[in-house]
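Scroll down for the structure; my scribbles are underneath it.
Proteins get letters first, then strands, A, B, ... in listed order; numbering begins at 1 in each. Atom set for the values below is all heavy atoms of this structure, side chains included, hydrogens, waters and symmetry mates excluded.
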Amino acid sequence: MYIYDSVQKTKLKFEPIKAGKATLYVCGPTVYDDAHLGHARSALSFDLLTRTLNASGYEVTFIRNVTDVDDKIIAKMKQTGKSLHEITDFYTKRYLEEMDTLGVLRPTISPKATESIDAMEDMISTLISKGYAYQISNGDVYFDISKDKLYGSLSKKVNDDTISRIEHISEKKNSKDFALWKACDINENVCFDTKFGRGRPGWHIECSAMIAKHTQGTDEYSIDIHGGGADLLFPHHENEAAQSRCATGHALAKYWMHNGFVQVDGEKMSKSLGNSFFLKDALKAYDGEILRFYLTSIHYRNDFNFNETDLLQSKKRLDKLYRLKKRLLNTISSTVNSEFKQTLLNAMKDDLNISVALSVIDEMIAKSNEALDSNPNDKNLKKEIAGNIEFINMLLGFGAKEPFVYFQLGVNEALITQIETLIERRSEAKKQKDFALADQIRNQLNIMDINIMDTANGTVWEKIS
RNA sequence: GGUGCCAUCGCCAAGCGGUAAGGCCGCAGCCUGCAAAGCUGCUAUCCCCGGUUCAAAUCCGGGUGGCACCUCCA
């Protein structure tokens, strides 16, 4: 397994800190609003990583946190009059359901910030006692970046204070010092009691604390891989790394991975621009598997330009897999072809090279179709192809549906009856050699976005696009 | 102002110093009553200019054009 490390900026051989095991921590959502396409892409990127590590024989521990206490949630409370848990429970549930729809495997552990206060308290206390953190007069606790010689080693953003837009608080020792703990304001009821006062966590501390709480680690590293969106490298991951390093005396993660951004129709999607594309809206328009296929079809580190044209183009590629599967009806799968399995897995083991992986699949599809053309009744052949498709599903998370279900997505019962009636009438016409009528009916179906194909087993149909 | 990333066929997209994968679209053929689907074949020298090398899309330098981070963000 090779992984591109976004700190060293090079591809590295993955050598786990503990033989045979892989521990992965990914920054999860702050649950104050619906998930957008960027959340989906991040989750999908690391889903592919988890599946690839699993298929490569590693025992994977995958941790993804839920940030359920935060300024944005507090803002939402004020705005809606709802309680913290009403908001966070609602969006957490929704997030998980949407990720399920995309075929994202659930994490091994998904800790919540509000349930990890004890671990944060421990870590902050340690940082204070070791002299890495200090408390100011209003009760806030800050991390002192000048005490950490390695601060900036992740993002290489140390000496730049020319246009620092970080809020300036006069009592902070350095402008880049960041809040570990925010003292309770009078009006806020989202506070927790700790040794250093009543308050709530700063943004970065939860990840470090959760990792400390849920993982064993070694003398050198806490976990193998830490992942998240490209925007998190600075300041979030830089700060996490600093806290953990100073509190534990060793590095937080051996490898850092960051997925690229999603743009919509060529424009940056962001909270401030107000053009976020919510996953729930995308899922209304497109099936979860089709979205998954599209969003994973481009390498995770590249920027992704989401648009409908490309989505429909990518769907055609998935169609081919299902057309092959359609030829295997009632076939019980046997084992995957070992050469195919190795080639496909090797592509993914090369820093998740999905493009090569998809080309391996395309080649398998073409060869299988060719073989089936000459030996349509070869049971063993069919079993092996079915096994191949099953392996694809396990590794990449698509191809699990029944092909007839897949090709009839978005067609209701009434329409199905209508389509089948038309196809019957056309078959009659064909029997009578009334090709003019048969072609007319086919045209009618085409206008309804229905494609038909005459096969040895009768006429079958597909919904187009 | 600082720090990075990217630029490959009409479109999407691999490539990681050894002579351009794959998909979509298009064209031709096989198959078909005709189609559709499937199969076969065809279609690029890699933004520009220098340099290193026996050899560069791949490395270095300089341009040009996109984008991101430095502020909540995946």
All N/O donor-acceptor pairs, side-chain side in residues 353-360 of chain A, below 3.5 Å, sequence neighbours left out:
from	atom 1	to	atom 2	distance (Å)
A:N353	OD1	A:S355	N	3.4
A:N353	OD1	A:V356	N	3.2
A:S359	OG	A:V356	O	2.8

Partners of A:F62 by ring-ring contact (aromatic ring centres under 6.0 Å, His included), sequence neighbours excluded? none
Checking A:Y255 now: which residues fulfil ring-ring contact (aromatic ring centres under 6.0 Å, His included) with it, not counting sequence neighbours?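 Partners of A:Y255 by the ring-ring contact (aromatic ring centres under 6.0 Å, His included) criterion, ordered by chain and then number, come out as A:F14.
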What are the residues of [range], sorted by number, that bring a heavy atom to within less than 4.0 Å of RNA chain B?
range: residues 89-97 of chain A; answer: none
range: residues 426-444 of chain A; answer: A:R426, A:K430, A:F435, A:D439, A:R442
range: residues 199-209 of chain A; answer: A:W203

Roughly how far apart are A:F340 CZ and A:L345 CG, rounded to 0.5 Å?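 Those atoms lie 10.5 Å apart.
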Closest nucleotide among B:C12, B:C69, B:C73 to the A:F234 side chain: B:C69
Please output the side-chain donor-acceptor pairs of residues 445-453 of chain A that fall under 3.5 Å, not counting sequence neighbours, one pair per line with the distance.
from	atom 1	to	atom 2	distance (Å)
A:N446	ND2	A:I450	O	2.9

Knowing that exactly one of A:F398, A:F304, A:Y286 qualifies, which makes a ring pair (Phe, Tyr, Trp, His ring centres under 6.0 Å) with A:Y294?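 Considering A:F398, A:F304, A:Y286, a ring pair (Phe, Tyr, Trp, His ring centres under 6.0 Å) with A:Y294 is found only for A:F304.
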pair_partner(B:C27), Watson-Crick or wobble, both distances < 3.5 Å, evaluates to B:G41
Pairing partner of B:C47, by Watson-Crick or G-U wobble and under 3.5 Å for both distances, is B:G63
Phosphate oxygens OP1/OP2 of B:C39: is one of them under 4.0 Å from a side-chain N or O of A:N369? yes
Please determine if A:K326 forms a cation-pi arrangement with A:F407, meaning its NZ or CZ atom is less than 6.0 Å from the six-membered ring centre and no more than 45° off the ring axis.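 Yes, A:K326 sits over the ring of A:F407.
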Could I get the full list of salt bridge (Lys or Arg N to Asp or Glu O under 4.0 Å) partners for [X], not counting sequence neighbours?
X: A:K284; result: A:D281
X: A:K149; result: none
X: A:R426; result: A:D454

With a 4.0 Å cut-off on N to O distance, would you call A:K172 and A:D177 a salt bridge?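 No, this pair does not count.
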Give a yes-or-no answer on whether the side chains of A:Y406 and A:D319 include a donor-acceptor pair shorter than 3.5 Å. yes
Provide the distance between the two P atoms, one in B:G26 and one in B:U45, to the nearest whole Å. 23 Å
Hey, what are the protein-to-nucleotides 21-23 of chain B N/O distances that come in under 3.5 Å?
from	atom 1	to	atom 2	distance (Å)
B:G22	O2'	A:R317	NH2	2.8
B:G22	O2'	A:D362	OD2	2.7
B:G23	O4'	A:R317	NE	3.3
B:G23	O4'	A:R317	NH2	3.4
B:G23	N2	A:Q313	NE2	2.3

Distance check needed: [N] [atom2] versus [X] [atom1], whole Å only.
X: A:H258; N: B:A68; atom1: NE2; atom2: P; answer: 18 Å
X: A:I145; N: B:C70; atom1: CD1; atom2: C1'; answer: 13 Å
X: A:K72; N: B:C73; atom1: NZ; atom2: C1'; answer: 7 Å
X: A:I361; N: B:C24; atom1: CD1; atom2: P; answer: 14 Å

What nucleic acid atoms does [X] come within less than 4.0 Å of, heavy atoms only: base, sugar-phosphate, or nothing?
X: A:H299; answer: sugar-phosphate
X: A:A366; answer: sugar-phosphate
X: A:D454; answer: base
X: A:I298; answer: sugar-phosphate

Give every pair of a protein N or O atom and an N or O atom of nucleotides 4-7 of chain B that lie under 3.5 Å apart, one pair per line with the distance.
none

Parallel, tilted or perpendicular for A:W256 and A:H237, by the 30°/60° rule?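 Judged by the thresholds at 30° and 60°, the geometry between A:W256 and A:H237 is tilted.
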